[in-house]
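One structure is given here, and the rest of the page talks about it.
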Amino acid sequence: MIDIVTFQDMGELSQYLADSVTEEIVKNPEIVLGLATGKTFIPIYDALARELVAQEVSAEKVVTFNLDEYVGLASAHKSSFSFYMYEHLWSKLDFTPSRTHIPSGTAVNLEAEAKNYERLIQLAGGIDLQLLGLGVNGHIGFNEPGSSFQSMTRVVELDESTKNRNAADFDDRNVPDRAITVGLETIMKSRKIFLVVTGQEKAEILSKGLEKPDENVPFSVLLNHPNSTLLVDAQAGRLLKK
Ligand code: GLP
């Protein structure tokens, strides 16, 4: 089952999620957070940084694991998710660098990097709170349609549709063919999950994935999660039954 909370706009949604995450960090300053990237999360991280600063809550002991990274992009590359995280969240707060994790897209042995990342998540005790965005094709992280619900952290090929959509994030519009992503089984082991879906272009895939678990719509695996909540704006939620 997945609970659904609808918001009028992104501002309202961002504040709600920022408040919820802040509350969780206050309850457990050593919380293990799973983090997503994408445009959806820019105002959310902005609100979260503001909230933590306003409430004087430290992020020093928080542990983070990002969902994914492009293969071939160093962390200093402007279009890497590592750069995104630094720009939108890590630089604004007192996170401890050794406690923030993101797969290395430039590892010599990518398979070993993916395996090790999975191991690091387990060693940290798993994810307490996972934040997820949704791809227009239904992906979460970079688990593209057809990904096994039993998948672990691994190297994946990106769908053409994903590459087309993310091309705007690259100066030369040249999106890498591969990425490392945390797997669906790993995501499902998170104790609590928030899936954030906004904008009318995601309305169709959202209503499709909420019908039944289906590996062709990867996020639908969340229907089997005991503690997951969908935060949706009016546009993305327009096809959902009231
Ligand atoms: C990306 C990321 C996902 C993200 C999704 C949606 O490329 N791998 O983690 O949730 O696509 O992105 P956006 O918020 O820009 O629509």
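Just so you know, ligand 1 is whichever comes first in the structure, and atom 1 is the first atom listed for that ligand. Heads up: numbering here begins at 1 and tracks the sequence.
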Test: Glu160 and Lys163 ion pair at under 4.0 Å
yes
Show the nearest heavy-atom pair for residues Phe149 and Pro218, with the distance to one decimal.
CE2-O, 3.9 Å
Sorted by chain and residue number, the residues with a non-hydrogen atom under 4.0 Å of ligand 1 are Thr37, Gly38, Lys39, Thr40, Asp68, Gly133, Leu134, His139, Gly141, Phe142, Arg165, Asn166, Lys202
Evaluate the criterion side chain to side chain donor-acceptor pair (under 3.5 Å) for residue pair Arg154 and Ser147; output intermediate values, then yes/no.
CA-CA 11 Å; Arg154 67 201 186 288; Ser147 294; 3.2 Å; yes
Short N-O contact, Glu24 and Arg191, less than 4.0 angstrom:
no
When you group the ILVMFWY residues by side-chain heavy-atom contacts below 4.5 Å and let the links chain together, are Leu132 and Met10 in the same group?
no
Where does the angle between the aromatic ring planes of Tyr117 and His101 fall among parallel (under 30°), tilted (30 to 60°) and perpendicular (over 60°)?
perpendicular
